[in-house]
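First up is the structure itself, then whatever we jot down about it.
We name chains A, B, ... by the order of the sequence lines, and we start the count at 1 in each one. No experiment lies behind these values; they were computed from the predicted model shown.
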Protein chains: 2
Amino acid sequence: MEKKVDFTSKDISSRMVTRITEYLTILYEVSKYEKKINSLDLAIKMDSTAAQVRKDLSTFGEFGVRGRGYDVAKLIEILEHILGIDKKNKLILVGYGKMGSMLVSNSVVLGKGFEIVEVFDKDKEKIGQKTEGLDIIVKGSDEMDEYIRKYNINQAILAVNKEEAQAVAKQLVKSGIKGILNLTAFKIELPREIAVISVDISAKLQELNFWRRHIDINKKGE
Amino acid sequence: MEKKVDFTSKDISSRMVTRITEYLTILYEVSKYEKKINSLDLAIKMDSTAAQVRKDLSTFGEFGVRGRGYDVAKLIEILEHILGIDKKNKLILVGYGKMGSMLVSNSVVLGKGFEIVEVFDKDKEKIGQKTEGLDIIVKGSDEMDEYIRKYNINQAILAVNKEEAQAVAKQLVKSGIKGILNLTAFKIELPREIAVISVDISAKLQELNFWRRHIDINKKGE
DNA sequence: TAGATTGTTAATCGATTAACAATC
DNA sequence: TAGATTGTTAATCGATTAACAATC
């Protein structure tokens with residue numbers, strides 16, 4: 001990467017970060033067929049505009065070549081670097097229920113750059129079990145704090161029952177966790193300096209249901 | 001519900017629909033402790049503003065009482081009605097892999113108002129299997145079209161490999177499906193009149209990773 | 001009636017888009 | 001050089017917020 005990726009002083013909107021992940025998804029596909037892409041073609045695949053694409057990408061540096069477009073492989077490298085997935089990021093998984101065990105046995109859903117290094121559950125039946133897919137033995141929740149500190153873990157996937165979500169999240173933060181992927185349908189409240197991203201399939205089904213029924217409505221934005 | 005819920009002529013932004021699902025998540029929790037809530041308290045729980053809350057809710061009718069606030073139970077009823085989850089919505093599930101079987105055996109993730117009525121897979125090993133959790137026998141993908149038409153299904157969860165996602169989605173639309181919850185990390189392209197909502201855990205992990213590393217950056221919006 | 005809080009309009013803010021000079 | 005397409009500025013558009021009259 002010759003050009004520097006720099007955004008330390010910039011304001012970044014959460015919308016743009018979401019779009020960066022979408023560019024990457026598309027570029028992985030495009031890379032199978034093309035070496036180059038220009039802002040318009042990428043915009044069409046994004047259901048967006050060429051101006052938006054150029055603006056987004058230029059936030060982090062000058063990665064295109066005037067008259068030529070963008071090099072797909074280089075752009076992938078750059079976006080992966082921006083998102084910090086050009087190296088392995090360690091995660092712990094808390095909650096080894098249906099959702100948790102699906103993630104462990106199906107590591108493809110985590111995508112590039114992430115690795116579950118330990119699994120915790122409070123259920124005595126599950127503690128000591130060897131996980132399917134990874135060579136990990138499920139540990140008890142009481143060992144969580146020690147593990148996080150010892151191995152300097154800073155990110156966790158929260159896949160417990162929603163009733164426990166808030167309490168467990170708080171506990172994780174106390175142990176030093178800085179980012180939580182919340183897979184429960186509970187809105188957890190944590191200090192501003194902790195990153196929380198939620199994935200709620202039931203909420204997404206609700207959105208889908210709304211738009212399926214009202215697709216005729218003037219859908220603004222996006 | 002005395003007041004009419006009406007939004008046939010209104011422009012609705014996708015952002016607002018997302019917020020509606022978030023209000024609902026919060027109200028389910030609030031309903032355990034309170035009968036009433038005002039726009040400011042709801043806003044605080046949303047990390048939003050009272051004006052935003054009132055504006056959002058007033059889009060669909062007048063549901064509050066001046067000087068009093070909103071009735072929690074009534075608001076839940078209204079939002080459920082807006083999202084169309086005050087009745088059961090039938091879904092078929094396509095793809096009975098790790099993700100698909102997790103959804104079937106763990107129906108709580110679907111939330112209120114949704115029901116998987118049939119499961120399809122192309123894998124001969126899986127066809128004929130009785131699903132864990134539901135009393136459903138996995139059908140072959142070749143029976144999909146007939147089933148959709150016969151039972152008038154209009155919504156599907158797509159949980160196949162991302163390599164097949166586009167082709168299967170197209171096929172579903174051809175059979176009459178109007179809404180797809182896309183659980184693959186592939187951006188499917190379909191006609192404008194088909195509702196598609198995607199849930200991509202790997203993309204969300206990327207966002208989380210970004211914000212965890214750059215939480216100091218001036219995060220705008222949201 | 002006084003106090004509280006909604007619903008809504010107008011003002012502000014931020015994000016997207018159009019346009020074009022820069023340059024490969 | 002001519003053509004293509006970026007990076008960026010200024011204009012537009014849409015979404016959020018402030019303010020307040022309405023009203024319980």
Side-chain angles (χ1 to χ4, degrees), chain A residues 2-7 9-20 22-23 27 30 34-72 74-75 78 217-222, chain B residues 2-7 9-20 22-23 27 30 34-72 74-75 78 217-222:
Chain A
E2 311 106 55
K3 300 283 175 66
K4 262 216 310 284
V5 176
D6 177 42
F7 48 93
S9 61
K10 295 244 176 36
D11 278 3
I12 307 284
S13 74
S14 56
R15 300 248 207 110
M16 201 187 64
V17 177
T18 302
R19 283 198 300 271
I20 295 291
E22 290 166 4
Y23 291 128
L27 289 169
V30 169
E34 306 285 351
K35 289 224 173 316
K36 303 240 159 219
I37 193 163
N38 63 42
S39 57
L40 180 59
D41 288 348
L42 187 45
I44 289 167
K45 288 180 187 295
M46 285 283 288
D47 299 312
S48 179
T49 64
Q52 177 82 83
V53 169
R54 293 202 299 275
K55 187 138 236 260
D56 282 346
L57 297 180
S58 68
T59 307
F60 300 99
E62 301 199 7
F63 307 126
V65 180
R66 285 160 206 241
R68 294 263 181 284
Y70 301 87
D71 183 278
V72 176
K74 187 182 155 194
L75 209 46
I78 288 163
I217 287 182
N218 202 342
K219 181 180 181 183
K220 295 197 300 185
E222 192 176 325
Chain B
E2 312 108 53
K3 300 283 176 66
K4 262 216 309 286
V5 176
D6 177 42
F7 49 93
S9 61
K10 295 243 179 37
D11 278 2
I12 308 283
S13 74
S14 55
R15 299 247 206 115
M16 201 186 64
V17 177
T18 302
R19 282 197 301 270
I20 295 292
E22 291 167 3
Y23 291 129
L27 289 169
V30 169
E34 306 286 351
K35 290 222 171 322
K36 303 240 161 221
I37 192 162
N38 63 41
S39 56
L40 180 59
D41 289 348
L42 188 44
I44 289 166
K45 289 179 186 295
M46 284 282 289
D47 299 311
S48 179
T49 64
Q52 178 81 83
V53 168
R54 294 202 299 276
K55 186 139 238 257
D56 282 345
L57 298 179
S58 67
T59 308
F60 300 99
E62 301 199 6
F63 307 125
V65 179
R66 283 159 208 245
R68 293 266 181 282
Y70 301 87
D71 183 280
V72 176
K74 188 183 154 194
L75 208 45
I78 288 164
I217 287 183
N218 202 340
K219 183 180 178 184
K220 297 198 298 186
E222 192 176 322

Going through the checks in order, is the side-chain contact (heavy atoms from CB on, under 4.5 Å) test met by Arg19(B) and Gln52(B)? CA-CA 10 Å; Arg19(B) 282 197 301 270; Gln52(B) 178 81 83; 3.1 Å; yes
Considering heavy-atom distances to DNA chain C, does Asp56(A) or Val65(A) have its closest nucleotide positioned more toward the 5' end? Asp56(A)
In whole angstrom, give the distance that lies between atom CD of Gln52(A) and atom P of dC13(D). 16 Å
Step by step, work out the side-chain contact (heavy atoms from CB on, under 4.5 Å) result for Tyr23(B) and Leu75(B). CA-CA 9 Å; Tyr23(B) 291 129; Leu75(B) 208 45; over 6 Å; no
Please give me the minimum heavy-atom distance between Ile12(B) and Met16(B), naming the atom from each residue. CG2-CE, 3.9 Å
In whole Å, what is the span from the NZ atom of Lys36(A) to the P atom of dA4(D)? 17 Å
Measure the distance from CZ on Phe60(B) to C1' on dG7(C) and round it to the nearest whole Å. 15 Å
In whole Å, what is the span from the CG atom of Asp47(A) to the P atom of dT17(C)? 12 Å
Would you indicate whether the side-chain heavy atoms of Tyr70(A) and Leu42(A) approach each other to under 4.5 Å? no
Between atom CG in Asp71(B) and atom P in dA4(C), what is the gap in whole Å? 21 Å
Which pair of non-hydrogen atoms, one from Ala43(A) and one from Ala50(A), has the smallest distance, and what is that distance? CB-N, 3.4 Å
Apply side-chain contact (heavy atoms from CB on, under 4.5 Å) to residues Val65(B) and Asp71(B) and explain how you reach the verdict. CA-CA 8 Å; Val65(B) 179; Asp71(B) 183 280; over 6 Å; no
Can you check the Ile78(B) CD1 to dT6(C) C1' distance for me, whole Å? 14 Å
Using a cut-off of less than 4.0 Å, is there contact between a side-chain N or O of Tyr70(B) and OP1 or OP2 of dC24(D)? no
Separation of atom CD in Glu62(A) from atom C1' in dC24(C), rounded to whole Å: 12 Å
Does Ser39(B) reach a base, just sugar-phosphate, or nothing at all? Heavy atoms under 4.0 Å. sugar-phosphate
Could you write out DNA chain C as a dot-bracket string, with dots for unpaired bases, | for bases paired across to another strand, and Watson-Crick or G-U pairs counted at under 3.5 Å? ..||||||||||||||||||||||
Separation between CZ of Arg54(A) and OG1 of Thr49(A), rounded to the nearest 0.5 Å: 8.5 Å
Shortest non-hydrogen pair, Thr59(B) vs Asp56(B), comes out as OG1-O, 2.9 Å
Look for any protein N or O under 3.5 Å of an N or O in nucleotides 18-21 of chain C and output each such pair with its distance, or none.
residue	atom	partner	partner atom	Å
dA19(C)	N6	Arg54(A)	NH2	3.2

Grab the two heavy atoms, one from Phe60(A) and one from Phe63(A), that are nearest each other, plus how far apart they are. O-CZ, 3.3 Å
Write down the distance between CE (Met16(A)) and P (dG14(C)), rounded to a whole number of angstrom. 16 Å
